[in-house]
Amino acid sequence: MAKAAPASVKKEIEELREKLRYHEYRYYVLDDPEISDAAYDRMMSRLKELEAAYPELVTPDSPTVRVGGAPREGFSTVRHARPMLSLDNAFSYDALREWDRRVRELSGQEKIGYVAEHKFDGLSISLQYEDGILSRGVTRGDGTTGEEVTPNAKAIRSIPLRVDAGILKKVKLPPDFEVRGEVMMTKKAFEALNREQERIGGKIFVNARNSAAGAVRVLDSSITAARRLDFFAYYLLVDGKVPFAKHSESLQALKQLRFRASDDWKLCAGIEAVVAYCEDWDAKREKLPYEIDGVVIKVNSVAIQNELGYTAKAPRWAIAYKYPARQETTVVNDIIVQVGRTGTLTPVAVLEPVQVGGVTVSRSTLHNMDEIERLGLQIGDTVLIERAGEVIPHVLKVVKEGKNRKPFRMPKHCPECGSTIHHVEGEVAYRCVNAACPAKRRESILHFAGRHAMNIDGLGDKIVDQLVDKGLVKDVADLYALKEDELAGLERMAEKSAQNLLEEIEASKKNSLARLIYALGIQFVGERTAQLLAEHFSSLEELAAAKEEQLEEVPEVGPKVAASIVEFFSEPANRQLIKKLRKAGVHPTAEKRVVKSQKLAGKSFVFTGSLANRSREEAGELVIQHGGKVSGSVSKKTDYVVVGTDPGSKYEKAKELGVTILTEGGFEKLLGL
Ligand code: IVH
């Protein structure tokens with residue numbers, strides 16, 4: 001007989017459960033965690049340990065018997081055909097070896113073949129396909145029932161809306177199947193989102209996982225679409241069973257079915273090969289375009305998987321090895337401000353240097369004044385910071401107020417040029433409006449040269465600082481007039497590097513129109529908008545001459561973006577800049593689009609809702625290929641509004657204005673598809 005539990009254990013268990021419940025609510029329901037994952041995991045491990053020692057104290061509502069979070073109101077809940085279980089965690093290689101020992105013991109095998117794959121850090125969802133067509137997307141929820149988020153799943157572009165019958169046949173899969181995987185946001189998309197939120201004064205997201213999770217669980221699927229989410233598939237089921245003899249075959253089949261699945265998984269003959277894989281990726285994960293928080297290890301043979309079976313919460317045939325969290329606490333010694341290329345002042349925390357995942361961190365962006373207020377942060381406070389990939393770390397929360405804490409105030413004058421700072425009451429941004437402010441000049445040159453813009457390798461901040469300080473470059477067009485001896489005279493610039501840089505600058509003239517538009521750094525014009533603008537206008541001059549109504553004809557360009565573009569090009573200095581660029585030989589024209597017919601010539605289309613057979617972008621592309629135009633908003637001039645499932649307000653507007661409404665079928669008919 002097990003000995004009776006002492007009162008102190010009962011009390012500890014109660015306290016742990018209460019804390020865990022609270023933190024689960026913060027994490028899953030509010031998408032706003034207060035503590036690090038590692039701290040949460042530690043509490044959960046301790047509770048599991050106590051419950052294992054005193055099984056009579058396990059209750060059906062203990063956080064240990066539950067898999068995930070409570071569904072949010074507003075979605076219908078759906079029962080999973082087969083529970084979406086969690087995975088047990090291993091926090092050390094020894095724990096992995098111990099798990100391997102148990103697997104071998106239970107299966108009676110001497111050595112096990114494993115598949116090691118990335119543990120994607122996002123939100124898991126299940127996608128059901130009927131007759132090869134995506135019929136339902138459901139979040140994991142509590143593992144047994146999840147939220148039905150089909151329109152949102154459809155808004156994620158890496159999720160196929162249908163799978164070709166020919167491919168299904170080739171893969172030997174019936175047309176009804178289920179795919180499970182993780183919805184994620186790339187580091188780049190996450191950074192872009194927060195930069196945009198910074199500018200418009202919206203909510204700043206703490207990490208890519210939370211913003212992805214939030215975007216899947218919103219009632220408005222246009223928000224999901226705008227967040228640019230990705231989906232990585234890792235599990236395939238037919239009638240609740242794995243349809244192949246090996247898990248590796250499922251991963252291969254998923255790729256063939258045109259799901260996005262990582263190529264970085266590996267077959268490992270035994271646990272030591274798994275440990276080597278984990279070590280390898282710990283060093284390399286920083287360079288991945290998305291976040292992984294560990295490695296998932298699965299027994300490859302499905303027969304052995306079935307033999308091993310499941311505990312109440314997790315499969316015995318799989319485990320998650322978790323990398324140490326890249327979160328730390330440190331003190332904010334000061335808050336300084338940086339001036340961006342649009343003149344916006346960004347507050348930056350100067351931190352007591354601290355090691356986070358092997359890197360010394362001494363700065364952290366605070367985004368804007370609202371964020372500082374939201375955090376309740378003052379100079380001298382102790383904060384929890386997180387480093388996600390190569391992103392500058394950010395402050396998650398204040399963990400302890402400093403004894404002599406001091407509130408931060410935005411300066412009244414620009415720290416770079418001394419001009420008065422402008423701040424419109426009610427807006428978040430504080431701006432230096434001096435067009436000649438060297439900080440703005442510097443930032444706009446760095447943006448212009450950036451990897452996603454004109455991609456001028458070797459034009460880093462040390463060089464740009466000198467070019468601006470010496471007066472050699474006043475605007476980006478001046479880059480094209482630089483001479484070798486001017487460059488060679490700069491610090492840290494050898495003759496060879498001067499030559500290389502000039503070659504890079506020369507080569508940048510051949511960049512696409514989309515890159516050039518993005519490189520100009522027009523407010524609200526990100527990479528994607530630049531791409532869409534380049535597809536619509538044939539040159540920079542044409543874009544510069546466009547009126548707001550014409551700009552709004554470009555997909556995804558609304559009044560705010562259109563106004564910003566018009567404002568940019570109405571500025572004489574910017575007009576001058578375009579002339580200068582052209583003179584310097586920077587004059588890309590749009591790539592010619594394939595024109596298939598003029599069937600839709602002069603007709604303008606608006607799309608709303610999710611289409612079944614193609615994405616809205618693909619449908620828009622078809623319209624353009626046949627001579628028509630696509631617009632983002634419905635007006636009297638709109639000829640057709642094509643309506644998919646769950647249409648937005650554009651549908652109402654179309655009915656109100658009496659615009660012809662088409663279903664996807666009607667649209668296909670019109671095109672003769
Ligand atoms: S397999 C029964 N594979 O991690 C199989 N899960 O901590 C269960 N996850 O619930 C899932 N990457 O949301 C699997 N490559 C991967 C994964 C993965 C991330 C997530 C998934 C799971 C959670 C468990």
Side-chain angles (χ1 to χ4, degrees), residues 24 27-28 37-38 40-41 44-45 48 63-64 66-69 80-91 95-96 99 103 114-127 137-144 146-147 178-185 208-210 212-213 216-217 229-237 240-242 244 246-248 250-252 254-255 259-268 274 277-278 281 285 288 290-300 302 304-306 308-323 325:
E24 280 177 354
Y27 189 101
Y28 289 105
D37 292 3
Y40 175 88
D41 288 338
M44 184 62 97
S45 298
K48 279 186 188 163
T64 56
R66 173 161 95 138
V67 190
H80 295 296
R82 180 166 160 182
M84 286 183 83
L85 295 174
S86 178
L87 293 173
D88 282 332
N89 291 322
F91 295 100
L96 274 186
W99 171 73
V103 167
Y114 293 112
V115 171
E117 51 192 91
H118 289 169
K119 183 173 186 322
F120 305 107
D121 197 10
L123 176 85
S124 52
I125 63 167
S126 148
L127 302 171
V138 186
T139 64
R140 187 174 86 183
D142 66 4
T144 313
E147 299 149 331
E178 180 185 341
V179 171
R180 292 181 180 180
E182 206 82 356
V183 175
M184 316 241 292
M185 199 171 209
R209 180 193 51 237
N210 278 36
V216 172
R217 300 168 65 213
L229 303 175
D230 271 316
F231 173 77
F232 283 84
Y234 49 67
Y235 204 51
L236 185 58
L237 290 167
K241 292 195 194 69
V242 178
F244 300 105
K246 289 181 183 143
H247 173 61
S248 53
S250 285
L251 291 177
Q252 282 156 347
L254 284 166
K255 283 228 64 123
F259 281 88
R260 172 173 253 202
S262 163
D263 288 317
D264 296 319
W265 57 273
K266 197 171 174 186
L267 279 177
C268 298
V274 168
Y277 176 93
C278 295
W281 278 103
R285 67 185 167 125
L288 281 170
Y290 48 81
E291 284 287 319
I292 61 170
D293 62 341
V295 170
V296 177
I297 302 109
K298 298 171 187 165
V299 170
N300 196 20
V302 175
I304 302 179
Q305 284 186 4
N306 292 339
L308 290 165
Y310 297 82
T311 66
K313 301 176 295 287
R316 288 198 189 85
W317 48 265
I319 196 160
Y321 170 73
K322 294 279 270 284
Y323 288 126

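Just so we're clear, the structure is a prediction, and the values are computed from it rather than from any experiment. Just so you know, ligand 1 is whichever comes first in the structure, and atom 1 is the first atom listed for that ligand.
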Using 30° and 60° as the class limits, which term best fits the ring planes of Trp281 and His118: parallel, tilted or perpendicular?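 Judged by the thresholds at 30° and 60°, the geometry between Trp281 and His118 is perpendicular.
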On the 0 to 90° scale, with breaks at 30° and 60°, tag the Tyr235-Trp317 ring pair as parallel, tilted or perpendicular.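 The rings of Tyr235 and Trp317 lie parallel, inter-plane angle below 30°.
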Rounded distance (nearest 0.5 Å) linking atom [atom1] of [X] with atom [atom2] of [Y]:
X	Y	atom1	atom2	value
Arg180	Phe231	CZ	CZ	10.5 Å
Asp264	Tyr277	CG	OH	6.0 Å
Ile125	Arg140	CD1	CZ	13.0 Å

Quick one: look up the protein heavy atom nearest [atom] and list residue, atom name and how far away it is.
atom	value
atom 4 (O) of ligand 1	Lys119 NZ, 3.1 Å
atom 12 (N) of ligand 1	Phe120 N, 3.0 Å
atom 11 (C) of ligand 1	Tyr234 CE1, 3.8 Å
atom 5 (C) of ligand 1	Trp317 CH2, 4.1 Å
atom 8 (C) of ligand 1	Leu87 CD2, 3.9 Å

I need the atoms of ligand 1 closer than 4.0 Å to a non-hydrogen atom of [X], numbered in the order shown.
X	result
Leu85	10 (O)
Glu117	3 (N), 15 (N), 16 (C)
Ser124	13 (O)
Arg140	10 (O), 22 (C)
Pro315	2 (C)

With a sphere of 6.0 Å drawn around NZ of Lys322, does it hold more than 12 non-hydrogen atoms of other residues, nucleotides or ligands?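 More than 12 within 6.0 Å, yes.
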Does [X], backbone or side chain, put an N or O under 3.5 Å from an N or O of ligand 1?
X	result
Glu182	yes
Tyr235	no
Asn89	no

Do Val115 and Ile297 make a side-chain contact, defined as non-hydrogen atoms from C-beta onward lying under 4.5 Å apart?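 No, side chains not in contact.
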For side chain to side chain contact (heavy atoms under 4.5 Å, CB included), just list the numbers for Arg316 and Thr311, CA-CA rounded to whole Å, side-chain angles, deciding distance to a tenth of an Å, and then say yes or no. CA-CA 7 Å; Arg316 288 198 189 85; Thr311 66; 3.8 Å; yes
For atom 3 (N) of ligand 1, tell me which residue out of Lys298, Gln305, Lys322, Met184 has the closest non-hydrogen atom.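 Comparing heavy atoms across Lys298, Gln305, Lys322, Met184, the nearest one to atom 3 (N) of ligand 1 lies in Lys298.
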Using salt bridge (Lys or Arg N to Asp or Glu O under 4.0 Å), reason through Glu117 and Lys298 one step at a time and then give a plain yes or no. CA-CA 8 Å; Glu117 51 192 91; Lys298 298 171 187 165; 3.2 Å; yes
